[in-house]
> 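Quick one: structure below, then a few questions.
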Amino acid sequence: MTQRRSYAVGTGLFIVLGFAALAYLATQTTSVANTTRGDTYDVTTRFANVGQLKVRAPVKVAGVRVGSVESIDLVPGKEEARVTLAIDESHKDIPQDSVATIYTSGLLGDQYVGIQFGQSKTPVKAGGEIGLTRPAQQLEEMIGKFFGGGSAPDRLGGTYHVSGDFTNIGGLQAGAAVKMAGVPIGSVESVVVKPGAVQATVTLAIDKRYSQIPNDSSAAVFTSGLIGSQYVAIQPGGSPEYLSEGDQFVLTQSALQLEDLIGKFLVNGSPSDNKNGGAQGGTQPDNAGKK
């Protein structure tokens with residue numbers, strides 16, 4: 001009888017400790033632990049999908065908490081959610097072209113807003129807006145990001161459109177990211193092959209915050225990693241005039257195929273082997289739009 005009672009006491013104690021551990025984890029991984037720390041200023045963002053983001057969820061930069069989610073509202077007449085962030089007064093150096101993304105803590109944890117700094121020298125002010133956002137990640141997008149594809153910002157602040165002709169786009173698809181200096185600035189809106197044409201016309205939707213791209217810039221189709229998804233990279237030129245709605249890239253470079261890379265290696269060899277300095281194995285710009 002005494003042994004049975006000791007088993008019962010041990011089982012009960014184990015259950016109580018288990019519930020206590022769950023309660024502690026709940027307070028540390030949910031909004032219960034995310035209280036305001038002093039004075040804050042408000043910044044708004046807009047997301048196409050907030051997932052399970054909740055009020056008082058943390059806002060982080062490089063994994064460090066800098067604020068919390070103050071409110072989540074639906075934009076009237078639009079399929080967008082307006083999220084107001086309360087940022088600590090001690091963090092007034094957030095660039096206005098930063099990217100706000102909804103992340104998930106661990107595999108099954110709560111969601112939070114992570115801010116990736118941009119390149120602007122002007123910080124976002126109180127009452128301002130972070131225009132570049134990424135929504136809550138779905139399973140398919142997470143798998144694509146694992147293989148190097150990533151995703152482009154939503155650009156809910158508006159876009160302008162430019163295009164380019166490519167002789168080979170490889171596996172480039174609509175929705176792929178458009179990057180400049182590695183920073184996402186837009187996405188591929190469409191890929192079209194006109195009847196009788198031997199080139200594909202790729203239309204890019206660029207965020208209006210990046211309206212000062214020289215009109216002699218070049219566009220190339222690159223691959224993220226070894227087996228990752230493809231994206232369009234823009235190399236800025238030196239012209240004092242900028243691309244605007246409906247303009248076209250003069251210089252483009254198509255996607256490199258595995259056969260092209262092998263051929264380039266076999267033809268060029270090492271730098272010392274290519275004594276003539278020729279570009280036989282190199283990949284030249286398409287110059288599809290050059291007059």
Side-chain angles (χ1 to χ4, degrees), residues 45-49 75 77-82 95-102 116 118-120 129-138 140-141 144-145 148-166 168-194 197 199-224 228-237 239 241-255 286 288-289:
T45 59
R46 288 182 288 171
F47 294 95
N49 187 348
V75 178
K78 296 184 179 180
E79 295 185 46
E80 301 172 6
R82 182 189 294 112
Q96 64 179 4
D97 62 342
S98 298
V99 180
T101 306
I102 298 178
Q116 179 183 359
Q119 304 296 322
S120 175
E129 181 178 4
I130 298 178
L132 297 175
T133 62
R134 293 192 185 96
Q137 298 293 309
Q138 305 300 316
E140 296 81 0
E141 296 178 352
K145 186 173 182 179
S151 59
D154 286 336
R155 308 171 324 281
L156 296 177
T159 61
Y160 65 98
H161 301 84
V162 295
S163 62
D165 293 333
F166 297 84
N168 191 338
I169 61 170
L172 186 70
Q173 298 179 356
V178 177
K179 300 181 180 181
M180 187 167 62
V183 178
I185 64 171
S187 65
V188 175
E189 183 165 281
S190 65
V191 179
V192 179
V193 178
K194 299 179 181 178
Q199 298 170 334
T201 300
V202 179
T203 302
L204 312 178
I206 309 296
D207 190 271
K208 287 185 177 180
R209 291 178 180 269
Y210 300 93
S211 59
Q212 296 183 344
I213 301 177
N215 62 5
D216 61 344
S217 300
S218 61
V221 179
F222 287 164
T223 301
S224 300
S229 301
Q230 292 181 312
Y231 65 94
V232 176
I234 297 177
Q235 179 65 39
S239 174
E241 299 182 1
Y242 304 127
L243 291 171
S244 58
E245 176 70 29
D247 285 349
Q248 186 174 21
F249 286 100
V250 174
L251 299 175
T252 60
Q253 180 175 309
S254 294
D286 291 341

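All residue numbers in this chain count up from 1 along the given sequence.
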> Could you work out, with side-chain hydrogen bond (donor to acceptor under 3.5 Å, both in side chains) as the rule, every residue matching Q173, not counting sequence neighbours?
none

> State whether the side chain of Q230 and the backbone N or O of G171 hold a donor-acceptor pair below 3.5 Å, judged by distance alone.
yes

> Compare every heavy atom of E189 with every heavy atom of A174, then report the nearest pair and how far apart it is.
CB-O, 3.7 Å

> So does R46 get a backbone contact from the side chain of T133, meaning a donor-acceptor N/O pair under 3.5 Å?
yes

> Determine the minimum heavy-atom distance between L243 and P214, stating which atoms define it.
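Closest pair (atom of L243, atom of P214, distance): CG-O, 3.8 Å.
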
> Going from CD1 on I102 to CG on N49, what distance comes out if it is rounded to the nearest 0.5 angstrom?
7.0 Å

> Please enumerate all residues that pass side-chain hydrogen bond (donor to acceptor under 3.5 Å, both in side chains) together with N215, with sequence neighbours excluded.
S239, E241

> Examine distances only and state if a side-chain atom of T45 and a backbone atom of I130 form a donor-acceptor pair shorter than 3.5 Å.
no

> Would you say that D247 contacts Y160 through its side chain, given a criterion of any heavy-atom pair below 4.5 Å between the two side chains?
no

> Taking all non-hydrogen atoms of both residues, which atom of S163 and which atom of T201 are closest, and how far apart?
CB-CG2, 4.2 Å

> When you compare the side chain of R209 with that of S120, does any pair of heavy atoms fall below 4.5 Å?
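Side-chain contact under 4.5 Å: no.
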
> To the nearest 0.5 Å, how far apart are CG in L172 and OG1 in T223?
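One finds 9.5 Å between CG of L172 and OG1 of T223.
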
> For side chain to side chain contact (heavy atoms under 4.5 Å, CB included), just list the numbers for V178 and I185, CA-CA rounded to whole Å, side-chain angles, deciding distance to a tenth of an Å, and then say yes or no.
CA-CA 6 Å; V178 177; I185 64 171; 4.1 Å; yes

> Verify, without hydrogens or angle tests, whether S98 (side chain) and G118 (backbone) share a donor-acceptor contact under 3.5 angstrom.
yes

> For the pair T159 (side chain) and I206 (backbone), establish whether a donor and an acceptor sit closer than 3.5 Å, ignoring hydrogens and angles.
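Looks like no, no N/O pair under 3.5 Å.
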
> How close do V99 and R134 get, heavy atom to heavy atom, and via which atoms?
CG1-NH1, 3.6 Å

> Compare every heavy atom of A200 with every heavy atom of I169, then report the nearest pair and how far apart it is.
CG2-CB, 3.9 Å

> Looking only at non-hydrogen atoms, find the nearest pair between M180 and Y210 and report the distance.
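Smallest heavy-atom distance, with atoms named: CE-CD2, 4.5 Å.
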
> Look at the side chain of Y231 and the backbone N and O of S187, then say whether any donor-acceptor pair between them is shorter than 3.5 Å.
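Side chain of Y231 to backbone of S187, a donor-acceptor pair under 3.5 Å: no, none is there.
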
> Would you indicate whether Q119, at its atom CD, is surrounded by more than 12 heavy atoms from other residues, nucleotides or ligands within a distance under 6.0 Å?
no

> Got S218 and F249 here, is their nearest side-chain heavy-atom distance under 4.5 Å?
no

> Could you give the distance from OG1 (T203) to CD (Q248), rounded to the nearest 0.5 Å?
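Going from the OG1 atom of T203 to the CD atom of Q248 covers 9.0 Å.
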
> If I take atom OG from residue S190 and atom NE2 from residue H161, how far apart are they, to the nearest 0.5 angstrom?
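Going from OG on S190 over to NE2 on H161, the span is 8.5 Å.
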
